[in-house]
Amino acid sequence: MNLKSRDSFSGKFGVIAAAAGSAVGLGNIWRFPYVVGENGGGAFLLVYLLFIAAIGIPVMVSELLIGRRSQKNVFGAFKTLAPDKPLFMIVGIMGVGAAFMILAFYSVVAGWTLEYTYMAIGNNLLDMSSAQLSSFFKNFSESKTGPVIWMIIFMFLTAAIVIGGIKKGIERYTKILMPILLVIIIILCVNSAMLEGAGEGFAFLFKPDFSKVTGSVILEALGQAFFSLSIGMGVIATYGSYIQKKENLLNTAISVSIADTLIAVLAGVAIFPAVFAFNIDPSAGPGLVFETLPNVFNQMTGGYAFSVAFFLLLVIAALTSSVSLLEVVVAYFSEELGMRRVVATIVAASVITLLGVLCVVYSSVFKFFDFTSSNILLPLGGIFIAIFVGWILGKQKTKDELEAHGGKVRFVGILMIILKVVAPVAIGFVFLKGIGLL
Ligand code: PHE
C-alpha cells in the first residue's frame, strides 16, 4: 500500500469527529443504560468511570499510535511494527472476528432504531401508555420479518458509506449532527428530571451501593468501557492510520473519551428518572431505552419533533459507529487479502447480514455475540495492545510518535507504567474474576 494513496482526515476537528463518531453510538444510548440497569446502578457507574480514565484512555492512545506509525490496517500494523513477533497479529484476527460479531447484533439494534424512527415519524409512539410501549417493544423485537428488513436496510447504508471512502463518508456527517444529538439529550435530561418520582432514578444512578459489586459486574463495566470507546479491536488503530502527523494523539484520545463518557452519562440521566417514574424494571435488558424514552416524549412539549429528531440522530450515530466497524474488516480484506474495496465491502456486509439474521431469530446468538465481543475479545485485545506499546514498541518510539506533531507531550512516563503493568494486570484480573476463574 502506497502511503500517498491512503485516504486521510482533513484536520483536527475531522479526526476527533470521526473517532468520536465511532465511539458515540448505540453503545452510549442503548447499551450503557441497559448494562447499568442490570448491574445495579451507581457502583457500576463509578467502576466504569475508573476504567475509562485508567485503562480506556491509555489503550486508545496506544491504538492511535500503532495505526499512525504503521499506516496499516490492524493486522498489517503489527506485522509492520514487529515483523518478528507474529503473536501480536492475533489482535488483528480477534479484531476482525469482533467486528463481525459486533456488527451483527449492532445492526439489529440499529434496525430497531429505524423502526422507532418510522413509528415516530408516523406519530405512532406518542399515544401509547407505558405498558403498551413495553409490549410493543417485546412484540416487535420478537417478530422476525420487521427486524430483519430494518437490519438489512441499515447494513446496506453502512456498506454504501464505506464504499464511498473515509473522508467523504464519515467526517461530513459527524461534525454537525453529533452536537445536535447532544443538545437533544440534554433537553431530554431536563424533561426527565421534572417527572414525578425522578429522584429515585437519580439515586439509582448516582448513589453507589458497593454490595452490588461482584466479579461479573466489574467485568461488565470493563467490557462496556471498551465497547463504548471502540477500543481493543483495531477500529481506533485503523482510524489512527488515517490521521496526519500534525495531530496530537494524546489530546485526541482524551477529547474523544470525555465526549463519549459525557454522552453515556447524560443518556443515563435522561433514562433512569423516567425508568422509575414509569415503573419500568431497570434490569429490563436490551429493550430499556426503547421502552422508556417514548414515555418522556409523551410528556413533553414538542414531543413529536423531539422523538423524530432523536431516533433519526440515533440512527446516524449508529451509522458512524457501524461504518468504523466495517472499515476494520474492509481494510483487512483489501490490504491483506488483496480484494478490491468494493468487493471486500460487499462480501463482509453480506456475511454480517446473515449473522444478523441469526441474532434476530435466536436471542441466544444475540446475547452470545454481545457478551463475547465486549467482555472477552475487546479486553483481551486491550491486553495485547497495551503490552505491545509498553514492551515491544517501548518508551522512545512511543514518545516520538506522540510528539510527531512537534510539541512536547507530558505523562509519557505514567502512560508507559500503565501500559506495561497496570493495564495488563488489571484487565487480566478482571477478566479471570469475571468469568469465575479467580
Ligand atoms: N463504540 C460504539 C458505540 O458505542 C460501538 C463500537 C464498538 C464501535 C467497537 C466500534 C468498535 O456504539
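The figures that follow rest on heavy atoms only: side chains count, while hydrogens, waters and symmetry mates do not. In each ligand, atom 1 is the first atom listed, and ligand 1 is the first ligand listed. Residue numbers run from 1 in the order of the sequence given.
- Taking the ring centroids of F384 and F78, they lie at or beyond the 6.0 Å cut-off.
- In terms of protein heavy-atom proximity, atom 1 (N) of ligand 1 is nearest to F227 O, 2.7 Å.
- Aromatic pair F105/F366: ring centres closer than 6.0 Å.
- Counting heavy atoms closer than 4.0 Å to ligand 1, residue S230 contributes atoms from both its backbone and its side chain.
- Near V235, meaning under 4.0 Å from one of its heavy atoms, ligand 1 places the atoms 10 (C), 11 (C).
- A salt bridge is defined here as a Lys NZ or Arg NE, NH1 or NH2 lying under 4.0 Å from an Asp or Glu carboxylate O, and K245 with E401 meets this definition.
- By the 4.0 Å N-to-carboxylate-O rule, E247 lies too far from R68 to be salt-bridged with it.
- Counting protein heavy atoms only, atom 12 (O) of ligand 1 is closest to Y106 OH, 2.4 Å.
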**Message:** Set out, in order, the CA-CA distance, both residues' side-chain angles and the distance that settles side chain to side chain contact (heavy atoms under 4.5 Å, CB included) for I29 and I185, then state yes or no.
**Reply:** CA-CA 10 Å; I29 291 159; I185 296 175; 3.8 Å; yes
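- The atoms of ligand 1 that sit less than 4.0 Å from any heavy atom of G25 are 3 (C), 4 (O), 12 (O).
- Checked against a 6.0 Å centroid threshold, the rings of F206 and F272 do not count as neighbours.
- Heavy-atom proximity to N28, at under 4.0 Å, picks out these atoms of ligand 1: 4 (O).
- Scanning the protein for heavy atoms near atom 4 (O) of ligand 1, the closest one is A23 O, 2.8 Å.
- Among protein heavy atoms, the minimum distance from atom 2 (C) of ligand 1 is reached at S22 O, 3.2 Å.
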**Prompt:** Yes or no on side chain to side chain contact (heavy atoms under 4.5 Å, CB included) for L222 and F431, after CA distance, side-chain angles and deciding distance?
**Reply:** CA-CA 9 Å; L222 183 71; F431 181 68; 5.7 Å; no
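- Counting atoms of ligand 1 from 1 in the listed order, those under 4.0 Å from a heavy atom of G27 are 3 (C), 4 (O), 12 (O).
- Using a 4.0 Å cut-off between charged nitrogen and carboxylate oxygen, R341 and E335 do not count as a salt-bridge pair.
- For the atom pair CG (N191) and CD1 (I186), the distance works out to 12.5 Å, reported to the nearest 0.5 Å.
- Set against the non-hydrogen atoms of S228, the atoms of ligand 1 under 4.0 Å away are 1 (N), 4 (O).
- Residue contacts with ligand 1 for S324 involve side-chain atoms from C-beta outward but no N, CA, C or O (heavy atoms, distance under 4.0 Å).
- Ligand 1 has no atom lying under 4.0 Å from any heavy atom of F226.
- Contacts of M233 with ligand 1, taken as heavy-atom pairs under 4.0 Å, involve the side chain alone.
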